[in-house]
Engineer: 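I have a structure here, written as structure tokens, and I will follow up with some questions on it.
Labels below follow one simple rule: chain letters A, B, ... track the order of the sequence lines, proteins then strands, and each chain is numbered from 1.
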There are 2 protein chains.
Amino acid sequence: MDDRKLKILEAIIDEYIQTGEPVGSRNISKKLDLKLSPATIRNEMADLEEMGYLEQPHTSAGRVPSDRGYRLYVDSLMSPRQFDDQEGLAAMTEILHSKIDELSYMLQRATRLLSQITGYPIVATAKTDGDTEIIKNVQLFLVDVEKAMVVVTTESGSIHNRIILIPADATQDQVDKVAKMLSAKLHGVEISSIDVALANTLSKIEGIRIDILLPVLQGIVESRRRNEEHRTYTDGAKNVLEYPEFSDSARAKELIGMLEEKGFIRDVVTHMEMDQEQDLYVSIGSENQDEKMQDCSIVASTYDVDSSHRVLIGVIGPKRMDYARVVSVLKDMKSVMNRREIKSLNPDSGAHIEGDK
Amino acid sequence: MDDRKLKILEAIIDEYIQTGEPVGSRNISKKLDLKLSPATIRNEMADLEEMGYLEQPHTSAGRVPSDRGYRLYVDSLMSPRQFDDQEGLAAMTEILHSKIDELSYMLQRATRLLSQITGYPIVATAKTDGDTEIIKNVQLFLVDVEKAMVVVTTESGSIHNRIILIPADATQDQVDKVAKMLSAKLHGVEISSIDVALANTLSKIEGIRIDILLPVLQGIVESRRRNEEHRTYTDGAKNVLEYPEFSDSARAKELIGMLEEKGFIRDVVTHMEMDQEQDLYVSIGSENQDEKMQDCSIVASTYDVDSSHRVLIGVIGPKRMDYARVVSVLKDMKSVMNRREIKSLNPDSGAHIEGDK
DNA sequence: TGTTAGCACTCACCTCGGTCGAGTGCTAAT
DNA sequence: ATTAGCACTCGACCGAGGTGAGTGCTAACA
């Protein structure tokens, strides 16, 4: 595997990524300044095919990269194109300033922006660090008749809240009692260990009404579940139709359907990452776990929004996606994110209020 | 315009809705048990075309309904097919039991279910009753270091909340003071009238720190804005690709793009309704405000989730959509909704907690 | 007078053969 | 090791001809 072969392979993949058409020897001979004739290129191409980096759709067509070819390209061939869209960077910066409790809002805006910049569908999801969500603090307030809000702060730093219905005849006093008791007793408890048995135990404490306690506990459990489930966003599904590999509408429909199936797409994107230990992951065609994804590639990256929130953003495209560009966009986003940290703790409130009217 | 013409028109539209192909006289002659020859049908068709109910794509093709034809069909011709998908009804019932603060969650599930049942894209949005959101109550709690939660209850009954960042050196006492002041002063105030001037006025009150007050007010304004913007959901965009009228991928891309543009689709669906005063609206092709929607029809309906929450659900499809079926589904949904009311106030908490683990 | 049979006509769509051209693999010359 | 030359492959494109569904019109019919 000499250097020349690598150069040729890179040129072929570059070209194919751009055009989507099988690329021929003549084309490469011209584009590459190696002063080689098409015939020589052809020989090299035959070799590369034998080695499994290229494929031929049919005898008299040009060559197309194989998954293995893309992998080599991504790992060591491609030249990271400089991404320098000032406007995009500015928009990113603005989005990342979204305040701390607006994680979901931030994700939504980020998916939108990235899908516009890259021209691919985007998926973004908040990562949870394992199953163990340990309660740090529980608060409970009456907010309206029959309605109370329960707010759970976890050790991992996330804050869930939920409105619950409580009996109409519950007095402020009774609610306070429940609140005080929970605040004391639930510290350090895992959310997943909350169940009816616990409710029964707790309700033994003097003055605790079980009919207030139960909805509260239920609210705690659900607030967390909803949080997880909900925090997956996709955008730019329409971009799927941009690429000839999905011109077959059945295929396009399948992919768009997958993008709409939040749980599914979340799994795909989180599982793929389990394999490796970098912070930028690329999964190409057959490397994807799910076989429905075999025609797609995913480039994903994680971001630490702050000390306790980690986010995963993935770009989904055809195998022929513009890896160089996508990677550079995701990296730029990361650097913007790092600069962000300072600002987020210092929101310039006044100005905002006016602007929001 | 005699009765026979109407029967023929209905048959033509029924047929066209089913097949999507221009329908010919022979076809109708057979399908209809009027014992009329194709020639007669042809004459009638020519009349109907003259009257503007039918169109001819080209001379030697069959007839296709015009927007006017569809309108007549929807208003007085179509026979409301009985929808009776037990499974679907059960799922609806289950979804509608989602608890009161889970409006967004409910909407998401409803869009999903309806898109599956109908095979069309669905849009759902929470309606706000005008611009006037009057504050009933404001509460403020510290939930973590530097983080507080502000909860706004409005006269219309909706509850918004938001986590805000406050200065690290704010004491519980200072926060309480702000909370008490706001609770007293903001009652009856319109959210939209909150601005920096108000902040300045309020901060004059003894012991109020402006650097706590400002983020809180900002939080109030934003919580509401976010609420509005966010509560629009779409699902089933993939279904667009099911229909030959969108086999042109540019057209499909456009529509899917519109569905992803939440603000836009929300406008389309809310504006259309302004025209009329029923609770089930149908907008056909050119009747749509936005010209990008001229190839689509929308069937929409409003639902009162409870006394203070009204929701709008719209089904978007090609003009050739199966109006009868869609209308019946939306109506069934409404009847399920009515039965719901009682249950929602009586959540059976215990069982849920176990199930959720 | 409304209905129908018959007929000529239109037009999208399918199929089929032919041509074109991009691309290959192989061989022989450099 | 490289290249020129050449025969070959195969999808894409094109135009001609045939097919069939459907029409409008006219004249006959009940």
Engineer: Indicate whether the side chain of B:K334 and that of B:S301 have a donor and an acceptor atom separated by less than 3.5 Å.
Structural biologist: yes
Engineer: What residues in residues 18-28 of chain A put a non-hydrogen atom under 4.0 Å from any atom of DNA chain C?
Structural biologist: A:G24, A:S25
Engineer: Partners of B:S286 by side chain to side chain contact (heavy atoms under 4.5 Å, CB included), sequence neighbours excluded?
Structural biologist: B:D67, B:Q294
Engineer: Would you call A:V23 and A:I28 a side-chain contact if the rule is heavy atoms closer than 4.5 Å?
Structural biologist: yes
Engineer: Considering residues at least two apart in sequence or located in another chain, which fulfil the side chain to side chain contact (heavy atoms under 4.5 Å, CB included) criterion with B:E260?
Structural biologist: A:R112, A:D235, A:A237, A:K238
Engineer: What is the distance from atom CE of A:M321 to atom CD1 of A:I284, rounded to the nearest 0.5 Å?
Structural biologist: 9.5 Å
Engineer: Please state how far atom CZ in A:R42 lies from atom C1' in D:dA1, giving the value in whole angstrom units.
Structural biologist: 16 Å
Engineer: Got a sec, which residues hit salt bridge (Lys or Arg N to Asp or Glu O under 4.0 Å) with B:D14, two or more places apart in sequence or on another chain?
Structural biologist: none
Engineer: Restricting to side chain to side chain contact (heavy atoms under 4.5 Å, CB included), what partner residues turn up for A:A39, sequence neighbours left out?
Structural biologist: A:S37, A:R42
Engineer: Quick check: do A:Q289 and A:V268 have side-chain heavy atoms less than 4.5 Å from each other?
Structural biologist: no
Engineer: For nucleotides 14-16 of chain D, which of its nitrogen or oxygen atoms have a protein nitrogen or oxygen under 3.5 Å away, and what is each distance?
Structural biologist:
none

Engineer: Answer yes or no: is there a side-chain heavy-atom contact under 4.5 Å between A:Y323 and A:V299?
Structural biologist: yes
Engineer: So if I take the C1' atoms of five pairs at each end of the helix from C:dT1-D:dA30 to C:dT30-D:dA1 and get each local axis, what angle do the two axes make, rounded to 10 degrees?
Structural biologist: 20°
Engineer: Output all residues satisfying side chain to side chain contact (heavy atoms under 4.5 Å, CB included) with A:K331, sequence neighbours left out; order by chain, then residue number.
Structural biologist: A:L280, A:V327
Engineer: Do NZ/NE/NH1/NH2 and the carboxylate oxygens of B:R71 and B:E287 come within less than 4.0 Å?
Structural biologist: yes
Engineer: Under 4.0 Å between a side-chain nitrogen and a carboxylate oxygen: does that hold for B:R251 and B:D295?
Structural biologist: yes
Engineer: Nearest whole Å is fine: how far is C:dA22 P from A:M45 CE?
Structural biologist: 15 Å
Engineer: Can you name the one residue among B:T125, B:D267, B:T270 that meets side chain to side chain donor-acceptor pair (under 3.5 Å) with B:T232?
Structural biologist: B:T125
Engineer: Between the protein and nucleotides 1-3 of chain C, which nitrogen or oxygen pairs are less than 3.5 angstrom apart?
Structural biologist:
{"residue": "C:dT3", "atom": "OP1", "partner": "B:R4", "partner atom": "NH1", "Å": "2.6"}
{"residue": "C:dT3", "atom": "OP2", "partner": "B:R4", "partner atom": "NH1", "Å": "3.3"}
{"residue": "C:dT3", "atom": "OP2", "partner": "B:R4", "partner atom": "NH2", "Å": "3.0"}

Engineer: With a 4.5 Å cut-off on side-chain heavy atoms, are A:Y70 and A:Y53 touching?
Structural biologist: no
Engineer: Starting at atom CG of A:L54, determine the distance to atom P of C:dG23, rounded to an integer number of angstrom.
Structural biologist: 15 Å
Engineer: To the nearest Å, how far apart are B:K31 NZ and D:dG22 P?
Structural biologist: 11 Å
Engineer: So that I can tick it off, tell me whether B:E254 and B:K292 are bridged by a salt bridge, with the cut-off set at under 4.0 angstrom between side-chain N and carboxylate O.
Structural biologist: no
Engineer: Where along residues 56-64 of chain A does a heavy atom come under 4.0 Å from DNA chain C, residue by residue in number order?
Structural biologist: A:Q56, A:T59, A:S60, A:A61, A:G62, A:R63
Engineer: Return each pair, listed once, that meets salt bridge (charged side-chain N to carboxylate O under 4.0 Å, His left out) where at least one residue sits in residues 239-248 of chain A; pairs must be two or more places apart or across chains.
Structural biologist: A:E242-B:K253, A:E245-A:R320
Engineer: Identify, residue by residue, the members of residues 8-16 of chain A with a heavy atom below 4.0 Å from DNA chain D, and return them in order of residue number, or none.
Structural biologist: none
Engineer: Is there a side-chain contact between A:T111 and A:T234 (heavy atoms, below 4.5 Å)?
Structural biologist: no
Engineer: Are A:E55 and A:R63 close enough for a salt bridge, meaning some N to O gap below 4.0 Å?
Structural biologist: no
